[in-house]
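Presented below is the structure to which this report refers.
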Amino acid sequence: MSTPDDVVVAEDLRRTHGRGATKVAAVDGISLRLPRASFTVVLGASGAGKTTLLHLLAGLEAPDAGTVTVGGVDLASLNEASRTVFRRRYIGLVFQHSELVPYLTARSNLLLPYLLDKRDPDPAWMDRLTRALGIHERLEQLPGQLSGGEEQRVALGRALATKPEVLIADEPHGNLDVRQGEQVLRLLRSTTDRFGQTVLLATHDPRAIGFADRVLVLRDGVVAHDISSPDVDHVTGLLAS
Ligand SMILES: Nc1ncnc2c1ncn2[C@@H]1O[C@H](COP(=O)(O)OP(=O)(O)O)[C@@H](O)[C@H]1O
Ligand SMILES: [Mg+2]
């Protein structure tokens, strides 16, 4: 049963890539629900279908079959222009590369979603968020003047600036060193604990297991394991098998 507390509901999603002999069922029948204020980690080897699944859930790609609703809105009911606006307001996105605008300061990058929406930022929220992310003293810097970890934290701030229903992050710490990578994982966890943020994180990094409420192990486009309150050793064993 779907409840209003399920922020994301996906039913039997399917998506193939390529055609002919190279056709791949990247997502091959996935259903899932993400309850509000939960932290879900999607684990799987390269090619398992993680990015395709996240793109479908964010409405960046359309499924061949199946449905996605975010905050009760069926993404297929929106045309492309309204989907872009919807995404900006309700879905925060973070990728492996921070994709900050290089000629704008960290502050301007953070405020970009508001500018694009012609809305006024909430100064109290921005202050709380940038302090929580540990970037409030770096806001006048350009992205090129920040460390990789700082850049990713600004990207995280930009994704959270408008308090999206769901934060979808695709290997956000893939390019960072161990310490900075852990910082990003800890921050994602704390956005759920402190701000009630619903987070979906895809990675092939088993360290993420220890931060998750739930782990979905993807294999060949299907959910091979769905584990609540995951135990690191147990899940690592499943990954190796
Ligand atoms: N644009 C594309 N064109 C053709 N094949 C693709 C494309 N994107 C992904 N694939 C294929 O779909 C499968 C799943 O890829 P992806 O979703 O990127 O997995 P992951 O993020 O887990 O590495 C892989 O076999 C990949 O080669
Ligand atoms: Mg990927």
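Positions are given from 1 along the sequence. When a ligand or atom number is given, it counts from 1 through the structure's own listing order.
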(message) Assess the residue pair R158 and E99 against the criterion (side chain to side chain contact (heavy atoms under 4.5 Å, CB included)); give the C-alpha distance rounded to whole Å, side-chain angles, the decisive distance to 0.1 Å, and a yes or no.
(response) CA-CA 10 Å; R158 182 181 56 181; E99 296 182 18; 4.3 Å; yes
(request) Counting heavy atoms only, name the option from T52, L54, L56 that's nearest to atom 17 (O) of ligand 1. (result) T52
(request) Any atoms of ligand 1 less than 4.0 Å from a non-hydrogen atom of A45? List them with their elements. (result) 22 (O)
(message) My question is simple, although I want it checked carefully: is atom 25 (O) of ligand 1 less than 4.0 angstrom from any protein heavy atom?
(response) yes
(request) Apply the side-chain contact (heavy atoms from CB on, under 4.5 Å) test between L54 and each candidate in L60, L200, V27; give the one that qualifies. (result) L200
(message) Quick check on S46 - does any of its heavy atoms sit under 4.0 Å from an atom of ligand 1?
(response) yes
(request) Please indicate whether any nitrogen or oxygen in G18 is less than 3.5 Å from any nitrogen or oxygen in ligand 1. (result) no
(request) Taking the side chain as every heavy atom from C-beta outward, state whether H17 and E61 have any atom pair closer than 4.5 Å. (result) yes
(message) Under a plain distance cut-off of 3.5 Å, with no hydrogens placed, do N79 and S82 share a side-chain donor-acceptor pair?
(response) yes
(message) Could you tell me, atom by atom, which parts of ligand 1 come under 4.0 Å of a heavy atom of A26?
(response) 12 (O), 13 (C), 14 (C)
(message) Can you report which non-hydrogen protein atom sits closest to atom 23 (O) of ligand 1, along with the distance?
(response) G47 N, 2.6 Å
(request) Could you check if a side-chain atom of E165 sits within less than 4.5 angstrom of a side-chain atom of T198, using non-hydrogen atoms only? (result) no
(request) Name the closest protein heavy atom to atom 19 (O) of ligand 1, giving the residue it belongs to and the distance to 0.1 Å. (result) G49 N, 3.1 Å
(request) Is it possible for you to say whether M126 and L187 belong to one hydrophobic cluster, with membership spreading through side-chain heavy-atom contacts below 4.5 Å? (result) yes
(request) Could you find the nearest protein heavy atom to atom 4 (C) of ligand 1 and give me its residue, atom name and distance? (result) H17 CB, 3.4 Å
(message) Using modelled atom types and a 3.5 Å cut-off, is there a donor and acceptor pairing between side-chain atoms of N175 and backbone atoms of G148?
(response) no
(request) Determine if the distance from atom 6 (C) of ligand 1 to the closest protein heavy atom is below 4.0 Å. (result) yes
(message) Give me the nearest non-hydrogen protein atom to atom 18 (O) of ligand 1 as residue plus atom name, then the distance to 0.1 Å.
(response) T51 CB, 3.7 Å
(request) Decide, counting backbone as well as side-chain atoms, whether T52 has an N, O or S atom less than 2.8 Å from the Mg ion (ligand 2). (result) no
(message) With respect to V24, determine whether any N or O atom, backbone or side chain, lies less than 3.5 Å from an N or O atom of ligand 1.
(response) no
(message) When you compare the side chain of V223 with that of L32, does any pair of heavy atoms fall below 4.5 Å?
(response) no
(request) Look at the side-chain heavy atoms of Ile, Leu, Val, Met, Phe, Trp and Tyr, link any pair under 4.5 Å apart, and say whether V232 and L201 land in one connected group. (result) yes
